[in-house]
Every structure is written in C-alpha cells, then in structure tokens.
K.L.:
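Please read through the structure below; I'll follow up with questions.
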2 protein chains.
Amino acid sequence: MATKGIQSRNRQEITGRILTAAERVFAEFGYAGASISRIAAEAGIPKSNVVYYFETKELLYRRVVGEIFDIWRAAADSITVDNDPIRALGDYIDTKLDLARTRPFGSKVWANEIIQRAPIVQDYLEDELRSWTEDRIVVIEAWIERGKIRPISARHLLYAIWATTQHYADFTHQITTLNEGVELTNRQWEDTKNAVKDLLLSGVQIHGDG
Amino acid sequence: MATKGIQSRNRQEITGRILTAAERVFAEFGYAGASISRIAAEAGIPKSNVVYYFETKELLYRRVVGEIFDIWRAAADSITVDNDPIRALGDYIDTKLDLARTRPFGSKVWANEIIQRAPIVQDYLEDELRSWTEDRIVVIEAWIERGKIRPISARHLLYAIWATTQHYADFTHQITTLNEGVELTNRQWEDTKNAVKDLLLSGVQIHGDG
DNA sequence: AAAAATGTTGACCGATCGTGCAGAAATCAT
DNA sequence: ATGATTTCTGCACGATCGGTCAACATTTTT
C-alpha cells in the first residue's frame, strides 16, 4: 500500500508525456498522418509502450480531443445571465486567446477533426457541444431581451468569437510569417486581445448618443 | 492540327476531374491521409493515370492549393482606397462567404496546410500572401487617415474577416451539427452574411450621435 | 501507311503503417 | 523469499502507401 503510489505516479507521468506528445503530433500531421511511432519518439519511449497505455491510436486521439474540449468549455464559465455582457464576453475572448497561445496544438487537433467531419468525435458534437451551445445562446438572448446589448444574432456572435480566437491558434504559422517570420511578442498578444475585443464587442455594445 | 484539339480537350477534362477529386480528398483526409488511389477512385480512373498527369502527390497538391489562393485573392479586388470602406469590406465578406459555400474543400485544404505549418506552400506565404496583405493594410490605413472609418487595427480586421468567413467553410460540419444536423438553407446563408457584416462592420463604422 | 508521340493500365517495389503477441523486467502483495 | 501482477519491449503480420516501369492502346505527325 505504501509503495502503490509509486507506480501510480509513474503511470500518470508517462501517460501525461504521451498525451502531450500526441497533442503535438496529431496537430502537426493530422489523424492519418500522425504515427504511433512518431508520438512514441516524441515522448522518448518505445512504440509498444504507447499502445500499452492507450490500446489503440483512436483511443489516444479521443483522450487528446476530450482534453481540449473540456478546457474550452470551462473558458466560458463567465457567460451567465447575471454577469455584465461586455465584461463576460471580454473575459471569454481573453481566456480563449490565452488558450490559443498556451494550447495551440489542442486547438489544431480540434480544427483538423472538424474539417474532416468529426469521424472520431461526432458523439461529442451531438451530445455535449450542442447542449452547451444552446445554453450560451439562451444567456445571450436573455441579455438582449433585457436591453443590455444590441439585438445581434447570438449564434453568429458565438461563431465569430470561436472563429477569431481559434484563428490565432490554428493559423499561428500564417500570422507568424506575416509578422516577418517572428512569433508574436507579449505586447503583440495584448494588442491582439484588445483588437479582437474592440472589433467584436463594438457590434454588441449599445452605442450611446455621443 | 484539326484533331489536335481533341486530345487537349480530353486532357483538360481529365485533369479537371482529378483536381476536383483531389481538392475533396485532400480536404477530407489531410495531405498525409489522402492517398493517390483514393483520389483516382473519386475521379473514376486508375491510380497510374493520376501520376501520369501530375507526376507526384506533392505537385498535385500544390496545384490544388494554388487554385484556392488565386480565387481568394481575386475576392478582395474591391478593397481599394477610392471605394467606400463599408461597401468594399461588405462585398469582400459577402464574396468570401459565397466561396465558403461553393468552394469549402479548397478552404479546408488551405486550413490543413497552415495548421501543419505550410510544409509544402511556405513560398506562397512569404512571396505572394505577404505582399498582398501589406497592400490591403495600406488601403485600410488610408481609410483611417481620411477619417472614413474608426481607427481600428487594419491587420486584425483582416484576420477577423478571414477567420469568420473561412470558419463557415472549415467548420461546416460543426455548424451543420449545431443546426440539428441539416445544412444551412439559402435563407440561413443570407442571415449569416448579414450577421457577420453587422458584427464586424459595427466595429469599423464611425458611429453617429443618434 | 508507317513512324512518332501521347495516353492508359496493371504489376511490382521498398517503406511504413497499426496492432497482436510472447516474454523479459520490474513492482507488488503475501 | 516467492508467487502474482503490472510494466515494458522487440518482433512479426497483413495492409496500404507513393512511385516506377514495361506493355499496350490511341492519336498525331510525316
């Protein structure tokens, strides 16, 4: 019992290393292009060992997708009826842009999966994403009814937020290339946050008369 | 000489069929996941014949990417200093959303390529896309200087337009799933155009005091 | 009509893929 | 200490991959 912990800790360490490697490799090569041997090499272990912990490529992949989905879901906690709309949406944009910077590979894996019509995680979309989305739409429409924001399309607002924030993760390479080949600095990421919020939330906010 | 045309016409027909099939297959499986045999099957010809016309998978892929890039470039013709900003940007958004509907596979191929850090078409980014982007930024900043639009970040405005419009192509499957599993109707696409323009151009337009 | 050029196809090659499996190694419970 | 359990790894398999090539069919040129 006293030594039981050692094995568990090792297990957690190694599965964590595999998941991190898998997220990167799946992002960089797509599901079909990612090979178990490449993931294993990135994690510094033999191929057979990856299979031992995750059984199949598909199960490993589902774990990777599930992780980023949970993280994104938590990012929208601020979107509730009682919160101030501009503040809540601004926080959501900030958080998602932080995630675009810190977890770009997860975002890319998700993008790849959706582009390829979700052959593996369609059940995620139909179960969890659908109800989650409807809940947020209800909140935004409640804000509209109470006259707190302009009567925009709640659904398309959500889509626009997803699109723009994830763009900075999925298209990092294009953005870097257009930034003279160097990654965005801290300052540029702050500028990005402000620019995205400015652009998107101007369409939401009720404009005063002066 | 009189019969020369027959072979040329056949050549054009068959390479066209291959390119259409390739665009779809590359979009659906990524570069690594797309196989020449699958493209050939989709085009209804033997694998060897695809190789005969395009030599390698990579050359075929470059042709596909080049096509969608040219189409997108032409879509921004309206962005010139002398045009009205809201009108010009609105036309650009409309055109790109039309392309999202009519050429979704090309958009997905591009997205896949950028996600994977442009292993094949990096020269496109550095040569053509970079100068093209800078030119548009100059136009938008000229609009700002002349007081025609709010002083937003021209670069991030472009990115936001790209992100939102391409989102409706790349994430079609997610959007369809969230639309109770059915594709968007003509009416819904019109609503989309208006919603995107409303959201993005509110941030651009100078708000009057009434 | 004969020669040349172009188009078409199936067979084949070496490489890599995901995965199953047997057995060695390490750790655990007793 | 010893047997049970878990962890680790090399090897082998059938399948599929991109690409080559030679044989054959068709069209074009002379």
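The chains referred to below are lettered A, B, ... by the order of the sequence lines, with proteins before strands, and numbering in each begins at 1.
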K.L.:
For this output row, return yes or no: ring centroids of W72(A) and F69(A) closer than 6.0 angstrom.
P.N.:
no

K.L.:
Which whole-number value in Å describes the distance from R38(B) CZ to dG18(D) P?
P.N.:
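The answer, rounded to whole Å, is 11 Å.
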
K.L.:
What's S48(B) touching, base or sugar-phosphate or nothing? Going by heavy atoms closer than 4.0 Å.
P.N.:
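Touches a base.
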
K.L.:
Would you mind reading off the distance between I14(B) atom CD1 and dT8(C) atom C1', rounded to a whole angstrom?
P.N.:
9 Å

K.L.:
Decide yes or no, distance alone: a donor-acceptor N/O pair under 3.5 angstrom between the base of dT8(C) and the side-chain of K47(B).
P.N.:
no

K.L.:
In whole angstroms, how far is the C1' atom of dG7(C) from the CD1 atom of I18(B)?
P.N.:
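After rounding, the gap between these two atoms is 12 Å.
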
K.L.:
With nearest nucleotide decided by heavy atoms, which residue, Y52(A) or V51(B), maps closer to the 5′ end of DNA chain D?
P.N.:
Y52(A)

K.L.:
From CG of N10(B) over to P of dT8(C), roughly how many Å is that when rounded to an integer?
P.N.:
7 Å

K.L.:
Should I68(A) and V109(A) be marked as a side-chain contact (heavy atoms from CB on, under 4.5 Å) after you check the CA-CA gap, both sets of side-chain angles, and the distance that decides it?
P.N.:
CA-CA 9 Å; I68(A) 192 66; V109(A) 172; 5.9 Å; no

K.L.:
Of the listed nucleotides (dC17(D), dC8(D), dC17(C)), which one gets closest to any side-chain atom of S37(A)?
P.N.:
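Given the options dC17(D), dC8(D), dC17(C), the side chain of S37(A) is closest to dC17(C).
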
K.L.:
Take the angle between the ring planes of H167(A) and F171(A) and call it parallel below 30°, perpendicular above 60°, tilted in between.
P.N.:
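Ring orientation, 0 to 90° scale: parallel.
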
K.L.:
Does the cation-pi check pass for R136(B) over W132(B), that is, NZ or CZ under 6.0 Å from the six-membered ring centre and within 45° of its axis?
P.N.:
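The answer is yes; both the distance and angle limits are met.
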
K.L.:
Rounded to whole angstrom units, what separation is found between the CD1 atom of I39(A) and the P atom of dT19(C)?
P.N.:
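Value for this atom pair: 11 Å.
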
K.L.:
Within the 4.0 Å heavy-atom criterion, would you say A32(A) contacts the bases, only the backbone, or no part of the nucleic acid?
P.N.:
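Contact class for A32(A): none.
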
K.L.:
Of the options dC17(D), dG10(D), dT6(D), whose atoms approach the side-chain atoms of R11(A) most closely?
P.N.:
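Of the options given, the side chain of R11(A) lies nearest dT6(D).
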
K.L.:
In whole angstroms, how far is the P atom of dC8(D) from the CD atom of E55(A)?
P.N.:
15 Å

K.L.:
Once the angle between the rings of F26(B) and Y31(B) is folded into 0 to 90°, is it parallel (under 30°), tilted (30 to 60°) or perpendicular (over 60°)?
P.N.:
parallel

K.L.:
List the steps, then state whether salt bridge (charged side-chain N to carboxylate O under 4.0 Å, His left out) holds for E190(B) with K193(B).
P.N.:
CA-CA 5 Å; E190(B) 286 305 313; K193(B) 283 187 192 175; 3.6 Å; yes

K.L.:
The side chain of I36(B) lies closest to which of these nucleotides: dT8(C), dG19(D), dT7(D)?
P.N.:
dG19(D)

K.L.:
What is the distance, to the nearest angstrom, from the CZ atom on F54(B) to the C1' atom on dG18(D)?
P.N.:
16 Å

K.L.:
Treating a pair as Watson-Crick (purine N1 to pyrimidine N3 plus N6-O4 or O6-N4) or G-U wobble (N1-O2 and O6-N3) with both distances under 3.5 Å, list the stems of 3 or more consecutive pairs that involve DNA chain D.
P.N.:
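Only these stems qualify: C:1-30 with D:1-30.
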
K.L.:
May I have the distance from I45(B) (atom CD1) to dT9(C) (atom C1'), rounded to whole angstrom?
P.N.:
11 Å

K.L.:
Only distances under 3.5 Å count here; give the side-chain donor-acceptor pairs of residues 110-119 of chain A to other protein atoms, sequence neighbours excluded, each with its distance to 0.1 Å.
P.N.:
residue	atom	partner	partner atom	Å
W110(A)	NE1	Q174(B)	OE1	3.2
E113(A)	OE1	Y61(A)	OH	2.5
E113(A)	OE2	I120(A)	N	2.8
E113(A)	OE2	V121(A)	N	2.9
R117(A)	NE	E28(B)	OE2	3.1
R117(A)	NH2	E28(B)	OE2	2.6

K.L.:
The side chain of K57(B) is closest to which nucleotide in this list: dG18(D), dT6(C), dG18(C)?
P.N.:
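Side chain of K57(B) sits closest to dG18(D).
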
